[in-house]
Amino acid sequence: MRLIQIRVVDDHLEAVQTVLDDREIDYVETEEKSNDEEASLFQFPLPPEAVDEVFAELEAAGMDPDRYAVIGSVETSRSNQTATTERHDDRISHDELRGRAIGMNPGSITYYGMTILSAVVATAGLLLDSPAVVVGSMVIAPQVGSALTASVGTALDDRALVKEGFRDQILGLSLAVVSAAAFGMVLRYGGFVPSQLRVGTVQQISQRISPGFLSMAVGICAGAAGAFGLATALPVSLVGVMIAAALIPAAAAVGIGLAWGLPPVALGAGILLVVNAASVNLAGFSVLWGLGFRPWDWPDGEPTLGTARKYVPTVLALAVLLATFAGASTVTARQMQVETSVNDAVEEVLNEAAYERLRLLSVRTQFGGVSIYQLDREVTVEVSRPDGEVYPALAGRLDAAITPAIGQETSVEVTFVNRQTEGA
């Protein structure tokens with residue numbers, strides 16, 4: 001429930017009383033006088049989803065839209081407000097949405113400080129190949145605030161929120177990459193990890209250097225879940241971990257690629273970071289728009305060209321997001337096509353009679369770059385084999401099948417895991 005407090009001058013007193021009485025809203029009215037102006041303070045409880053409706057009716061009845069109004073939370077109310085509104089999705093008001101978005105974004109020192117710490121922890125977790133440590137970096141990452149601030153600002157056409165949200169995201173993620181790269185170089189050249197470590201083969205890193213549909217799905221669902229949590233009477237603390245999961249490990253992987261001088265790692269993780277960031281923002285905006293959040297003075301009916309010109313921040317932010325998402329998605333789609341072709345080729349080879357005793361464990365296809373910067377493809381295939389059996393020609397056979405399948409020269413590495421079987 002929400003506790004509403006509004007100050008109404010005597011000229012609008014009767015109109016406000018009529019709206020509240022018609023809706024059967026129980027209220028308390030207290031007379032006051034300030035600055036030689038007589039007014040009354042109204043207090044009444046409302047369900048979260050009713051706030052926008054009631055305020056719209058009050059303004060239509062003549063109440064000043066710039067009125068003094070306070071919306072607070074209450075645990076419960078003994079007032080009977082069942083006739084106030086028909087419940088629909090527990091959606092909060094525009095004012096409360098904006099307030100919650102602002103409240104989720106910490107101050108600059110806290111935001112950037114926690115971003116550095118989360119990036120360092122994520123870098124350590126990736127190099128340790130520890131999912132628990134990587135999850136820990138997501139818990140302390142503050143990216144949920146800036147992401148949802150940008151989505152709210154775009155939906156409400158709030159220039160200040162649009163600027164703050166996108167600025168903090170760009171600077172924050174850039175700082176995360178730089179912090180991860182600096183920490184990675186300290187680890188590499190300080191002898192804390194072997195300088196010849198093949199970071200691309202570490203499972204927690206390899207999962208984040210090949211952008212694909214599943215990675216994009218994580219970003220889309222994270223942004224949508226964050227918007228649902230923010231726009232309804234639901235907690236968003238756990239959603240913040242989901243948004244950080246789409247961003248911070250990818251930023252750390254970019255830093256690791258830079259620290260080890262590996263363009264395929266840095267570029268692959270960088271594309272993943274861009275795709276996820278755009279997905280989070282677009283999904284967040286789409287959910288808020290679908291829930292009915294609009295700019296304060298949004299006209300009724302279908303939007304026109306004049307409407308688009310009027311709401312410049314919203315249109316510009318959407319144009320940039322769509323262009324970024326489209327460009328990164330094109331690269332991602334190409335990587336997905338290559339991975340599918342590689343997987344099909346590997347399965348076709350392993351289905352041959354000569355390899356019927358092998359079991360496929362995993363296939364990793366290195367990111368191939370973008371059109372202006374192509375990288376050599378490397379495919380790593382991991383299989384298990386009966387103890388004592390050898391397959392010296394498997395790598396060459398796989399290479400002969402994969403190269404024509406993707407139309408690009410590749411190098412294939414096969415990793416064997418021995419297995420022993422006893423009994424029936």
Side-chain angles (χ1 to χ4, degrees), residues 96-126 133-156 158-184 208 218-219 222-231 235-256 258 269-270 272-285 288 313 317 320-321 324:
E96 188 174 355
L97 177 73
R98 187 179 187 277
R100 292 184 72 177
I102 294 174
M104 290 189 64
N105 212 14
S108 296
I109 295 178
T110 302
Y111 179 81
Y112 293 113
M114 293 298 288
T115 295
I116 293 174
L117 293 177
S118 64
V120 170
V121 173
T123 303
L126 294 178
V133 177
V134 175
V135 171
S137 71
M138 304 171 193
V139 173
I140 64 175
Q143 268 57 48
V144 61
S146 57
L148 293 181
T149 296
S151 296
V152 171
T154 306
L156 301 183
D158 189 310
R159 296 168 186 253
L161 292 186
V162 170
K163 179 180 178 180
E164 179 182 355
F166 285 109
R167 180 200 64 201
D168 286 348
Q169 284 186 86
I170 294 172
L171 294 180
L173 293 177
S174 299
L175 182 61
V177 170
V178 172
S179 302
F183 184 58
R208 294 173 171 89
V218 171
F228 270 118
L230 184 70
V236 294
S237 55
L238 293 179
V239 177
V241 178
M242 186 68 178
I243 290 180
L247 301 175
I248 290 301
V254 176
I256 291 174
L258 294 175
L272 175 63
L273 180 60
V274 172
V275 168
N276 282 350
S279 299
V280 166
N281 285 275
L282 277 176
F285 165 80
L288 293 176
V320 173
L321 284 176
T324 303

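Every heavy atom of this structure was used, including side-chain atoms; hydrogens, water molecules and symmetry mates were not.
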Identify the two heavy atoms, one from [X] and one from [Y], that lie closest to each other, and give their separation to 0.1 Å.
X	Y	answer
T115	G172	CG2-O, 3.2 Å
A222	V280	CB-CG2, 4.4 Å
Y112	D168	OH-OD1, 3.1 Å
A277	L173	CB-CD1, 4.3 Å
A122	A252	CB-CB, 3.7 Å
A250	A269	O-CB, 3.7 Å

When rounded to the nearest 0.5 angstrom, what is the spacing between [atom1] in [X] and [atom2] in [Y]?
X	Y	atom1	atom2	value
L247	S137	CG	OG	11.0 Å
F228	L288	CZ	CG	9.0 Å
L230	R100	CG	CZ	5.5 Å

Would you check if I256 and R208 make a side-chain contact, meaning some heavy-atom pair closer than 4.5 Å?
->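 Heavy-atom side-chain distance check fails, nothing below 4.5 Å.
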Heavy-atom distance under 4.5 Å between the side chains of V152 and D158, does that happen here?
->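 No - every pair of side-chain heavy atoms lies 4.5 Å or more apart.
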Of the options L148, I102, T154, which is the one that meets L161 in a side-chain contact (heavy atoms from CB on, under 4.5 Å)?
->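 Of all the options given, the one that passes is I102.
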Not counting sequence neighbours, which residues clear side chain to side chain contact (heavy atoms under 4.5 Å, CB included) with A182? List them please.
->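 Counting only residues at least two positions away or on another chain, A182 forms no side chain to side chain contact (heavy atoms under 4.5 Å, CB included).
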Quick one: list whatever passes side chain to side chain contact (heavy atoms under 4.5 Å, CB included) with A181, sequence neighbours left out.
->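 Only L258 meet the side chain to side chain contact (heavy atoms under 4.5 Å, CB included) criterion with A181.
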Identify, with sequence neighbours excluded, every residue that meets side-chain hydrogen bond (donor to acceptor under 3.5 Å, both in side chains) alongside S279.
->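 For S279 there are no side-chain hydrogen bond (donor to acceptor under 3.5 Å, both in side chains) partners, ignoring immediate neighbours.
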For N276, side-chain hydrogen bond (donor to acceptor under 3.5 Å, both in side chains) partners two or more places apart |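 Partners of N276 under the side-chain hydrogen bond (donor to acceptor under 3.5 Å, both in side chains) test: none.
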Residue pair I248, M138: steps toward the side chain to side chain contact (heavy atoms under 4.5 Å, CB included) verdict = CA-CA 7 Å; I248 290 301; M138 304 171 193; 5.5 Å; no
All pairs passing side chain to side chain donor-acceptor pair (under 3.5 Å) where residues 144-153 contributes a residue, at least two apart |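 Found Y111-S146.
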Pair N281-Q169, side chain to side chain contact (heavy atoms under 4.5 Å, CB included): steps then yes or no = CA-CA 10 Å; N281 285 275; Q169 284 186 86; 2.9 Å; yes
Sequence neighbours left out, what passes ring pair (Phe, Tyr, Trp, His ring centres under 6.0 Å) with F285? Give chain and number order.
->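 By the ring pair (Phe, Tyr, Trp, His ring centres under 6.0 Å) rule, F285 matches W289.
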